[in-house]
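Lettering of chains follows the sequences in order, A, B, ..., and the numbering in each one begins at 1. Predicted, not measured: the structure shown is a model, and the values here were computed from it. Values below: every heavy atom of this structure, side chains too, minus hydrogens, waters and symmetry copies.
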Amino acid sequence: MIIERVIMKNEDVMNIAKKRGFLWSSFEIYSGVAGFFDYGPLGAILKNKIMNKWRDYYLVGEGYYEIESPTIMPEEALKASGHVDHFNDPMTECKECLEVFRADHVIKDVTGEDVEGLENQELTEILSKEQIRCPRCEGHLTHVWSYNLMFQTLIGAKGKKSGYMRPETAQGIFITFKRLLRFNRGKLPFGIVQLGKAYRNEISPRQGVIRLREFTQAEAEIFVDPKNKGHPRFREIESQVLTLYPADIQEKDGEPIKVTAQEAVRKGIVSSEILTHQLCLANKFIKELGIPFEVIRFRQHLKTEMAHYAIDCWDVEIHTDRYGWIEVIGIADRADFDLKSHSEYSKEDLRVFMEYDQATTIKKLVVKPDMKKFGPLFKGNAPKISAVLKKTDPESIKNAFNKENIYNMEIEGENYQLTPDLLSFEESQETVRGEKIYPHVIEPSYGIDRITYSVLLHCFQQDDDKNILHLPADIAPIAVNVFPLVNKDELVLVSEHIRDDLRAEGMIAELDTSGTIGRRYARSDEIGTPFAVTVDHQTLEDKTVTIRERDSQKQVRLPVSKIPKTINGLINKKIKFSEFEAI
RNA sequence: GCGGCUGUAGUCUAGUCUGGUUAGGACUUGGGCCUUCCAAGCCUACGACCCGGGUUCAAAUCCCGGCAGCCGCACCA
């Protein structure tokens, strides 16, 4: 028997997803709000299973730790991260053609002046003073207003402190870096992950769950030594083949290339081993969710689209019939931008002390002021002068003494003359055991909602006109269905026992007695339940039941007592269905 | 945000142009009958005119506004 499989379209998938309780738009009875989606009963399980699989990769596999930080953040923190300034775009609209522009961009194009950071009022004044018109139709432009992509809120009863809903989960990790570094006993590299909601007040969200105002991210921040961007277990994955679409090929309108991870590093296509390792992890993860290799590609950010601090950035894209290639994961080398910036704003030292393999000893000339003479001579200014001297190169002072026997220095407009008797020079030895550095950050950022959507889209297929959700067994919401072949009391009773045994084994199991057996198989297939146990007349005679596999529609007969362990084994891929003899 | 199109049970849809009886059908779902392996059949039940205002004796139908969806433009550090 040959099953004819047809890939389904976005529209059909979304309809079934709504009907079967995976996904629907939120607040429906109040006519809905764009950019918000609910996960229904099955969708919530599916999403959680995907997130737990992600944890298997990053917590168990990579040995990283998860934290949970608040979704509301104070303004200062987001000021440091650059989000307050960057998410606050000054906008202006043409009164004639109704085009909307970034006001600072329009001004820069005309005057050539960089006006970033100016107030809206000032920008409005520049627009009218310079008589700047619409770049497209020469129409008049409106006053400048801010469009803030972050949801703003007020913290506290009097609401004096301004806060925002976090636009990404990553910042919670950077902010706690000091404690995390201590937790990891001061050593690099280490990784911290966070899964949770993030918020962006999109101007006009559309495209279903592709662009949400509230969405779920799974992010890892991997802190590494900038001098060592290797990965200890790179050998394990170096032969993995990736579909890469590097920036230079995009610029030449070329086709993506298939290369092994090893080649990607050797030829310098991807900037580091650890970044490549992340691409491989993402590749494997996506494939294990049931998304075929052909619809996955890694697109490198063009220089123009890459954030100014990022060294290298790759988007994992999945092809969809409706929206083309969509970004589901962003993998970036963010260098030291975030930690440096938080360090500057918070005045906390977020550097890591890196010990050298070998300590080096440096010989140095040090200038020492004779404070007994300094005090009476310079009075209150003495401490100032000695502080400046400490920072001055002793050699230059020595040179001055050799030439003119005097050293002139100026502090805050005052002139001071130092004579050799006021200073002595000493040779000192200093041992340098290491240095403080800002770690670089490798950041894979997974969009869980987009991934969940992609899984539904690519796992749904029409097999001989029936809708079948070919989910990998380990992420299917319902593990197994139990059906009495006909709706008779004695069969139902046995079925209930089997369902309870399956639940006791830790699986989500359901019983369905309604309609004909065929209808029940169909319903079960449509929500992706990988296995069905059917109780029939023979069960009453010899205590055996059949297990039906969703994808092959084949059945095997086994003793009732072996069912829970067998189904569990099948779901965890410890047993293969094909090992049994089909009936 | 702008423009165009659209909005009837869970889903698909008839009716709207040309206002007029209890808004009709199919599928789905619940209950029952029948039924010993892949959405069969029979009986039965539940279930809808996106919201608000206006015109009219009378509005699913015409008009205005809002909301939502789709498409295009713009936006998407």
Side-chain angles (χ1 to χ4, degrees), chain A residues 1 3 10-12 14-21 24-36 40 78 81-89 91-102 104-105 116 134-136 142 145 147-150 167-168 200-208 210-213 301 305-310 322 326-327 330 337 463-468 481 483-488 490-491 512-526 532-541 545-550 552-555 557 583:
Chain A
M1 185 178 66
I3 300 169
N10 165 78
E11 205 188 320
D12 303 320
M14 287 308 279
N15 272 339
I16 301 169
K18 196 194 279 183
K19 183 170 86 175
R20 292 298 185 197
W24 52 67
S25 38
S26 303
F27 316 116
E28 273 181 325
I29 65 165
Y30 297 106
S31 74
V33 182
F36 296 95
L78 290 160
S81 68
H83 285 93
V84 169
D85 295 328
H86 284 115
F87 267 61
N88 233 330
D89 292 341
M91 310 294 277
T92 183
E93 187 185 26
C94 171
K95 289 173 185 170
E96 259 70 44
C97 70
L98 302 169
E99 281 257 29
V100 177
F101 304 95
R102 287 259 318 242
D104 52 343
H105 288 184
E116 211 182 300
C134 171
R136 208 174 75 161
T142 64
W145 78 91
Y147 188 79
N148 195 336
L149 238 38
M150 289 195 290
E168 59 175 15
R200 293 180 193 182
N201 198 2
E202 301 284 352
I203 296 174
S204 149
R206 261 183 238 165
Q207 307 173 310
I210 304 302
R211 238 171 109 195
L212 293 172
R213 285 183 164 132
H301 274 207
E305 71 182 306
M306 194 151 57
H308 63 278
Y309 49 80
R322 190 81 187 323
I326 58 166
E327 175 197 349
F337 174 83
D463 293 8
D464 296 335
D465 285 334
K466 287 200 299 187
N467 302 324
I468 302 193
N481 273 309
F483 303 137
L485 187 57
V486 287
N487 201 357
K488 292 234 167 82
E490 57 271 31
L491 294 186
D512 189 354
T513 62
S514 147
T516 62
I517 190 71
R519 179 177 289 268
R520 284 175 275 161
Y521 285 144
R523 263 201 294 257
S524 172
D525 289 343
E526 198 172 81
V533 171
T534 306
V535 176
D536 56 17
H537 63 290
Q538 198 181 327
T539 308
L540 301 176
E541 290 162 17
V545 290
T546 62
I547 302 176
R548 170 189 178 271
E549 188 191 38
R550 177 196 64 206
S552 65
Q553 300 193 11
K554 289 200 173 117
Q555 282 175 291
R557 188 170 279 277
I583 35 174

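With hydrogens and angles ignored, no donor-acceptor pair closer than 3.5 Å exists between the side chain of R520(A) and the base of C37(B). If you check distances only, the side chain of R548(A) does reach the base of C38(B) with a donor-acceptor pair under 3.5 Å.
The residue K488(A) sits apart from the nucleic acid: no heavy atom pair falls under 4.0 Å. At a threshold of 4.0 angstrom between heavy atoms, the contacts of N487(A) include nucleobase atoms, whether or not backbone atoms are also involved. Here Q538(A) lies out of heavy-atom contact (under 4.0 Å) with every strand. Contact annotation for E327(A): no contact, since no heavy-atom pair falls under 4.0 Å across all strands. Using a 4.0 Å heavy-atom cutoff across all strands shown, R213(A) reaches no nucleic acid atom at all.
Straight-line distance between the C1' atoms of C49(B) and G15(B): roughly 10 Å, to the nearest whole Å. Rounded to whole Å, the separation between the C1' atoms of U55(B) and U21(B) comes to 23 Å. C64(B) and G4(B) are spaced 12 Å apart, taking the P atom of each and rounding to whole Å. Nucleotides U29(B) and G10(B) place their C1' atoms 8 Å apart, quoted to the nearest Å. Distance noted for atom C1' between U8(B) and G25(B): 13 Å (whole Å). Comparing G52(B) with U44(B), their C1' atoms sit 38 Å apart, to the nearest whole Å. Of the C1' atoms belonging to G47(B) and C38(B), the separation is 29 Å, rounded to the nearest Å. A gap of 12 Å separates the C1' atoms of A48(B) and G7(B), to the nearest Å.
Residues forming a side chain to side chain contact (heavy atoms under 4.5 Å, CB included) with K554(A) (at least two apart in sequence, or on another chain): S552(A), F577(A), A582(A). D12(A) pairs by the side chain to side chain contact (heavy atoms under 4.5 Å, CB included) definition with M8(A), K9(A), not counting sequence neighbours. Applying the side chain to side chain contact (heavy atoms under 4.5 Å, CB included) test to T513(A) and every residue at least two apart in sequence or in another chain returns P484(A), N487(A), V492(A), L511(A). Listed by chain and residue number, H83(A), A170(A), Q171(A), R200(A), Q217(A), E219(A), R334(A) satisfy the side chain to side chain contact (heavy atoms under 4.5 Å, CB included) test with E168(A) (two or more places apart in sequence, or in another chain).
When distances run from any side-chain atom of L149(A) to the nucleotides C38(B), U35(B), C76(B), the shortest one goes to C76(B). In this structure, of U36(B), C38(B), C71(B), it is U36(B) that holds the atom nearest to the side chain of H537(A). Distances were taken from every side-chain heavy atom of R322(A) (C-beta onward) to each of C71(B), A39(B), C37(B); the shortest belongs to C71(B).
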Check the interface with nucleotides 29-31 of chain B: list each N/O to N/O pair with the protein under 3.5 Å, or write none.
from	atom 1	to	atom 2	distance (Å)
U29(B)	OP1	R523(A)	NH1	2.5
U29(B)	OP2	R519(A)	NH1	2.5

Where do N or O atoms of nucleotides 9-14 of chain B meet protein N or O atoms at under 3.5 Å, pair by pair?
none

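Residue T516(A) places at least one side-chain N or O under 4.0 Å from the OP1 or OP2 atom of A40(B).
Atom CD of Q553(A) and atom C1' of A39(B) are 12 Å apart (whole Å). Atom CG of N467(A) and atom C1' of C38(B) are 14 Å apart (whole Å). Residue N10(A) contributes atom CG, which lies 9 Å from atom P of C71(B) at whole-angstrom precision. In this structure, K466(A) places its NZ atom 13 Å from C1' of A40(B), rounding to the nearest Å. The interatomic distance linking I468(A) (CD1) with A39(B) (P) rounds to 11 Å, in whole Å. Straight-line distance from the NE2 atom of H83(A) to the C1' atom of C76(B): 13 Å, rounded to whole Å. Rounded to whole Å, atom P of A74(B) lies 13 Å from atom CZ of R211(A). Here the C1' atom of nucleotide C38(B) and the OH atom of Y521(A) are 7 Å apart, to the nearest Å.
Ion pair E11(A)/R322(A) not flagged as a salt bridge, since none of the NZ, NE, NH1 or NH2 atoms sits closer than 4.0 Å to an Asp/Glu carboxylate oxygen. A salt bridge does not link D525(A) to R520(A): none of the charged side-chain nitrogens sits closer than 4.0 Å to a carboxylate oxygen.
The two residues L491(A) and D536(A) come nearest to each other via the heavy atoms CD2-O, 3.6 Å.
Nucleotide C42(B) forms a Watson-Crick or G-U wobble pair with G32(B), both donor-acceptor distances falling under 3.5 Å. The nucleotide G72(B) finds its pairing partner in C2(B), both defining distances of the Watson-Crick or G-U wobble pair being shorter than 3.5 Å. A 3.5 Å limit on both hydrogen-bonding distances identifies G20(B) as the Watson-Crick or G-U partner of C57(B).
Once rounded to the nearest 0.5 Å, the distance linking CG of N481(A) with CZ of R550(A) reads 11.5 Å. Note: H537(A) NE2 to L485(A) CG = 8.5 Å, rounded to the nearest 0.5 Å. With rounding to the nearest 0.5 Å, the separation of CZ in R523(A) from CZ in F483(A) is 8.0 Å.
Checking side-chain atoms of R557(A) against main-chain N and O of I583(A) turns up no donor-acceptor pair under 3.5 Å.
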Legend entry - Check against salt bridge (Lys or Arg N to Asp or Glu O under 4.0 Å), K466(A) and E526(A): CA-CA 8 Å; K466(A) 287 200 299 187; E526(A) 198 172 81; over 6 Å; no
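Each of Q555(A) and A34(A) lies near RNA chain B, and the nucleotide nearest Q555(A) is the one positioned closer to the 5' end. Taking for each of T546(A) and G208(A) the nucleotide of RNA chain B with the nearest heavy atom, the 5'-most of the two is the partner of T546(A).
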